[in-house]
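Below, chains carry the letters A, B, ... as their sequence lines are ordered, and counting in each starts from 1. Since the structure is predicted, the reported quantities are computational estimates derived from the model, not experimental observations.
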Amino acid sequence: MPPLTFWKPGTVGPGSNLDRASEAEENIVSYTPSSSLISIQAQRERLPIFKHREKLLHCVEKYGVVIVVGQTGCGKTTQLPQYLYEAGWAQDGNVIACTQPRRVAATSVAMRVANEVGSMLGDEVGYTIRFEDVSNKERTRIRYLTDGMLFREALSRPSDIKIDEVHERSVYTDLLLGILKKIRRKRPSLRLVVSSATLDASSLLEYFQAGNGPDEAIILSLEGRMYPVEVAYLHEPTPDYVKKAAEVAWDINSRQGPGDILIFLTGREEIDRCLEELAEYLPTHKGNSPQLMLLALHAGLTTEEQMRVFQPAERGYRKVIVATNIAEASVTIEGIKFVVDCGFVKLRTYNPTTTLSSLAILPTSHASAVQRTGRAGRTSPGICYRLYPHSAVRTMPRSTAPEVTRTDLTTPILQLKSLGIDDLMKFEWVSAPPAESVLRALEGLVNAGMVDQDGALTVVGQKVAECPVEVNIARMLFSSKDFRCGEEILTIAAMTAVQNVFVIPDGAAGALAELERRKFTAEEGDHLTLLNAYNAFIRYGKSSSWCKSHALSFRAMSRAVSIRSQLKKYMQRFGLPLQSCEGDAKRLRQCLVSGYWRNGARWVADGTYRSVRGNIPLHVHPDSVLFTRKPKSGWVVFHEMEETKKINIRILTEIDPDWLLDHGHRFQEKDRS
DNA sequence: GAGCACTGC
C-alpha cells in the first residue's frame, strides 16, 4: 500500500513538528511508578494530589462547594475522601459519600481505599450499588456509591460531604447537583466537593455562586500524571473513516515501534467492517513489523469476548482493538500507545414534540476527543491520530450535551416530585432541559395517574416513584392485581429492563443461535417469549453453559434474576399479590396493555405499523418474533420505539384493540390536542 | 423487510 501522505509533514514520530492539540492536559508529565516495596503511606504521599492536601482542606473549611479539576490518575477519587476523613469531617455520625458513575468504579475504588485505610470492606470504608450494600450504618465513614444510588437515598440518609465525579453528566449527576444546591441552603454545614473536567469547571462555579455569592464555591486545580500524547490530524476530511481507520492502523504497524492500537468507531457494524478491512491487509504483511491481533470491543459481546482485549498480545504480535465509546471511559486497557479516533460518536437524543428518541451518529465533543486521546498515554508517551482536519476542532461542541437535555424526563420528574420539589420551573438545573421535555413528562404523569391535575403526586405516584422501573412498567406491576398475573408480570418487567438477552453471533453460528431462540418463541409475541426464556433459565438451574448452548446471555439472565427479586420486594411492600395467571395469556396481555396503552400500533399492508399516536411508519425490529409475521388481530403494543435509519419498535405483543379502549379515552383528551 | 452508543435505579 502507498505510504500515508495525508498527515501534516512530520507529524508522526518523536521530535517532529507536530500539529499539537492546544489543551494543556495532554502534555502533562511527572509519573511516579508505585512499588509494593514501599509503605502504603509513602505511596499515598507520592501521588500528585498530596501536595495539595492542606490547600484542599483549607478550601473545604472556607467554601461550601469546592470544584476540583484534576486528571484521571491524580488520586482524587481515592485520596480526597481520606483527607476529609483524616481531618475529622466524618465525625458525629457524618459520612463522606463519594459518588461514581458506574458500579464497577464504586466497588473497585472502595476496595482500594479500604486497603489503604486498613479497614475491612464494609466497615469504615464501604460501598453501595444496586443489589449490593457493603456498608454499615453505624461504622462506615467513607462510602462509595453510584450517583443513581445517592439520588435515591437523597433525603433519607443525609451525609455531610459528597464528592461527585461529574465529568460524565448522567441524569442522576445533574439531579443530585440540583438538589444538593438546594439542601446546602437549608444546611450550610454540608460540604460538597465536585470533581470536574477543565471545560466545565467555570460553568459549575457560576452555577453554585448564583444566588449564593462568590464565597459559596471555588475551583481548585490539581496536577495529573499522564504521559504526553502527540496529536495528529488529517489534511482533508475523509469520506470513509472506517476504511481510513484500518489504513492508519496498518500504517502504524509498519512504521511505528511497539505498542497496542485502539480505534474508536461508533457501533458494531462499523467495527465489523473495519476488522474486515484490516483482515485484508494481513496477507501483505512484511517480516520486520509485528503480526496483528484483531479484536472487537462493544457492549453486545459476551463477558468472555470482552475479556480478550485485556490479555497481552503474544510475542511478535500487536493488539488492534476496534471499539465503541465503551473504551472512552467505561473500560480502561493498559498498554495502548496509539489511538485512532474517527471523531464521531453514537448518541441518543430525544425529541419531546414527537416523544421519539433517536440514535444518531454525531461529531464528538472536544472533551470527548481529549478523553480518547488520553487513552494513548496511560503507560507511556503515545500518539493520537484524529481522522479529521485540525480545522474541525473549532466546530466541535466544547462538551457533550448533558443527558438531562436529551432524554425522556418522565421518571426523573416523578422522582423530583417525590422529593418534594413541586415547582419544577423553579428547580435550579445545572443545565436546563428543554421546557417542552418537562411539560411532556408532566403530561405523561398526569395521564398515567401519577400526578393529579394540580400537579401533586397521587398515592400511587408516590409508590411508583420509589420503584426502580419505568412508569409504564410500574403501572403493569400495580394492575397485575386486577389481572391476577403478578408472578409473570414481575418476570416480564425484569426481562424488559435488561439488554442483549439473546446472543446472535454473525455467520453460521448466528443461524444456529436463531434456531435456539425459536425454542422460546411464543405465538403472542416477544414479552411471552422473554417470559419463556426466563422460566427455562430457572428450570435449568441458572446455568451458564445452558445459556451458551441456548444462545442466551448469562450476564443478562443473571441480572434479570436480581432485578426480579428486587422488584418482588417492592410488590410485597405495596401489598401486591404474586399470583400466577396459570397459562392464561389473555389476562397477561391485558395487563401489558394497562402499561403500554400509549404504545398501541396497527399493522398496515406493507408490513409496517402505525401508532395510535401518529401516522408515521413504524418498523418492527428484526429481533422481534413478530418480524416476519402479521398478528392475527392486526394490533400490537410495544415496549419502546427508537429512530435510527428508520423508526423501529422493539418487544411487541399481539393484543385485541378493544383492550386499548379502556385507556384510550384519557389519551384522546390529553395527547391529541 | 434487516439491525443496539453507553450507563444507572
Enquirer: Before accepting this row, confirm whether a basic side-chain N of the pair Arg268(A)/Asp272(A) lies closer than 4.0 Å to the acidic partner's carboxylate O.
Expert: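 Here Arg268(A) pairs with Asp272(A) in a salt bridge, since their nearest N and O are under 4.0 Å apart.
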
Enquirer: Is the distance from OP1 or OP2 of dC9(B) to the nearest side-chain N or O of Thr411(A) less than 4.0 Å?
Expert: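 Answer no for this pair, as no side-chain N or O of Thr411(A) is under 4.0 Å from OP1 or OP2.
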
Enquirer: Choosing from dG8(B), dG3(B), dC6(B), which nucleotide comes nearest the side chain of Asp623(A)?
Expert: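 Within the option list, the nearest is dG3(B).
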
Enquirer: Which heavy atom of Ala327(A) sits nearest a heavy atom of Arg375(A), and at what distance?
Expert: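 Nearest pair, atom of Ala327(A) first, then Arg375(A): O-NE, 3.2 Å.
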
Enquirer: Please verify the inter-ring angle class for His639(A) with His527(A); under 30° counts as parallel, over 60° as perpendicular, anything in between as tilted.
Expert: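 The rings of His639(A) and His527(A) stand perpendicular, inter-plane angle above 60°.
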
Enquirer: Between Arg559(A) and Arg406(A), just flag the one whose closest nucleotide in DNA chain B comes earlier from the 5' side.
Expert: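 Going by which nucleotide is closer to the 5' end, it is Arg406(A).
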
Enquirer: Count the heavy atoms belonging to other residues, nucleotides or ligands that lie under 6.0 Å from CD of Gln462(A), then report whether that count exceeds 12.
Expert: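 Atom CD in Gln462(A) is crowded, with more than 12 foreign heavy atoms closer than 6.0 Å.
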
Enquirer: Reading DNA chain B from 5' onward, which residue's closest nucleotide shows up sooner: Leu626(A) or Ala299(A)?
Expert: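 It is Leu626(A) whose nearest nucleotide is closer to the 5' end.
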
Enquirer: Does a side-chain N-to-carboxylate-O contact under 4.0 Å join Glu277(A) and Lys243(A)?
Expert: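 No, this pair does not count.
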
Enquirer: OP1 or OP2 of dA2(B) sitting under 4.0 Å from any side-chain N/O of His619(A)?
Expert: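 Answer no for this pair, as no side-chain N or O of His619(A) is under 4.0 Å from OP1 or OP2.
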
Enquirer: So if I take residues 630-649 of chain A and measure heavy-atom distances to DNA chain B, which residues fall below 4.0 Å?
Expert: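 Those residues are Thr644(A), Lys646(A), Asn648(A).
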
Enquirer: Give a yes/no on whether any side-chain N or O of Arg103(A) is located under 4.0 angstrom from OP1 or OP2 of dC9(B).
Expert: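 Answer yes for this pair, as a side-chain N or O of Arg103(A) is under 4.0 Å from OP1 or OP2.
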
Enquirer: Do the ring planes of Phe574(A) and Tyr570(A) sit parallel (below 30°), tilted (30 to 60°) or perpendicular (above 60°)?
Expert: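 If you compare the ring of Phe574(A) with that of Tyr570(A), the planes turn out tilted.
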
